[in-house]
Amino acid sequence: AQMKRVIPRVLLVAAAFAASLQAHAVEPAEPAPAAAKNPPAIIVSDAWARATAPGMSVGAVYLTLHGGTTADTLVAASTTRAGMTQIHVVTEVDGMARMRETEAVDVPAGRSVRLAPQGTHIMLMGLTQPLVAGERFNLTLQFAKAGKREISVQVVAPDAEPPGTR
């Protein structure tokens, strides 16, 4: 009879001890090594350029960069459609808009950065041929952490609504 009373008490004490261990469990402070080696990549959306007139040697690409779980930086771009590409920013100085080259575009973790007309954009210089509405061309983006990403750029007519503005 005494043994029948002891077993439930032992089980009750063991269950309470196990619950107290779970309540004090500590989550690891750092991600697992596999997660650290493969952070989610930046997502690129709504890449577009305006069509250019015959004889024009410059164009611009606009797009949206969506940051992954870690911050990254767009450091360069290239395409076979232009002799040279640069990342440009537009700033206002003394009431005048001025365009200048910038070294990079920061993409914060979990945030979106829009490259748009009258702002930051990718300048295409020395176009090998006009950009024609309706066509697409490849552009390679170089990120400091994520490496190279090849994207497709949609060329829109000068009076058309660009992607991502609706």
Side-chain angles (χ1 to χ4, degrees), residues 27-166:
E27 292 295 318
E30 295 181 26
K37 289 180 186 171
N38 300 312
I42 286 180
I43 296 171
V44 182
S45 66
D46 305 321
W48 64 280
R50 290 240 184 260
T52 58
M56 284 188 67
S57 63
V58 296
V61 173
Y62 312 102
L63 48 84
T64 302
L65 302 170
H66 306 277
T69 56
T70 58
D72 206 339
T73 306
L74 174 65
V75 295
S78 62
T79 180
T80 58
R81 294 294 299 269
M84 180 174 26
T85 59
Q86 294 179 344
I87 302 170
H88 282 188
V89 294
V90 176
T91 55
E92 193 170 313
V93 179
D94 298 327
M96 299 266 311
R98 298 192 188 251
M99 184 173 52
R100 65 175 174 78
E101 183 180 8
T102 187
E103 292 293 317
V105 175
D106 292 328
V107 184
R111 305 286 306 267
S112 293
V113 176
R114 190 165 176 232
L115 279 62
Q118 308 306 314
T120 304
H121 58 276
I122 298 169
M123 195 75 191
L124 308 176
M125 295 165 286
L127 290 174
T128 56
Q129 62 190 53
L131 301 178
V132 179
E135 74 174 352
R136 298 185 84 82
F137 65 92
N138 291 333
L139 179 75
T140 302
L141 302 175
Q142 177 71 48
F143 294 94
K145 294 178 185 172
K148 290 184 178 182
R149 281 284 307 279
E150 188 165 308
I151 64 165
S152 178
V153 177
Q154 177 183 349
V155 180
V156 300
D159 58 348
E161 189 173 343
T165 58
R166 293 180 201 111

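To the nearest 0.5 Å, atom CE of residue Met56 and atom CD of residue Gln129 are 14.5 Å apart. Between atom CG of residue Asp46 and atom OG1 of residue Thr64 there is a gap of 5.0 Å, rounded to the nearest 0.5 Å. Note that the CG atom of Leu63 and the CG atom of Leu115 stand 5.0 Å from one another [nearest 0.5 Å]. The OG atom of Ser78 sits 13.0 Å away from atom CE of Met84, with the distance rounded to the nearest 0.5 Å. Atom-to-atom distance recorded for Ile122:CD1 and Leu74:CG is 5.5 Å, nearest 0.5 angstrom. Here CD of Gln86 is found 9.0 Å from CE of Met99. Values are rounded to the nearest 0.5 Å.
No more than 12 heavy-atom neighbours from other residues, nucleotides or ligands sit within 6.0 angstrom of CD on Glu103. Atom CZ of Arg111 sits in a sparse spot, with 12 or fewer heavy atoms from other residues, nucleotides or ligands closer than 6.0 Å.
A distance-only check finds a donor-acceptor pair linking the side chain of Thr128 to the backbone of Arg81 [under 3.5 Å]. Using a distance-only test at 3.5 Å, with no hydrogens or angles considered, no donor-acceptor pair links the side chain of Asp72 to the main chain of Val107. A donor-acceptor contact shorter than 3.5 Å is absent between the side chain of Lys145 and the backbone of Thr73. For the pair Thr52 (side chain) and Leu131 (backbone), a donor-acceptor distance under 3.5 Å is present. Here the side chain of Arg149 pairs a donor or acceptor atom with the backbone of Ile42 at under 3.5 angstrom.
The minimum heavy-atom distance between Ala157 and Ala51, with the atom names listed, is CA-CB, 4.4 Å. When all heavy atoms of Val156 and Pro163 are compared, the closest pair comes out as CG1-CD, 4.1 Å. Minimum interatomic distance between Ala77 and Leu139 (heavy atoms only, all atoms of both residues): CB-CD1, 4.2 Å. In terms of heavy-atom proximity, Leu141 sits nearest to Ile151 at CD1-CD1, 4.0 Å. Across Ala97 and Val90, no two heavy atoms sit closer than the pair CB-CG1, 4.0 Å. Minimum heavy-atom separation, Asn138 to Ser152: OD1-CA, 4.2 Å.
Residues Val155 and Val132 fail the side-chain proximity criterion, which asks for heavy atoms closer than 4.5 Å. Pro162 places none of its side-chain heavy atoms less than 4.5 Å from the side chain of Gln154.
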Intermediate values then yes/no, side-chain contact (heavy atoms from CB on, under 4.5 Å), Leu124 and Val58: CA-CA 5 Å; Leu124 308 176; Val58 296; over 6 Å; no
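Evaluation of the ring-ring contact (aromatic ring centres under 6.0 Å, His included) test over residues 133-159, restricted to residues two or more places apart or in two chains, returns none. Pairs passing the ring-ring contact (aromatic ring centres under 6.0 Å, His included) check and including a residue from residues 51-100, sequence neighbours excluded, read Trp48-Tyr62, His88-His121.
Between the side chains of Thr91 and Arg98, no donor-acceptor pair of N or O atoms lies under 3.5 Å.
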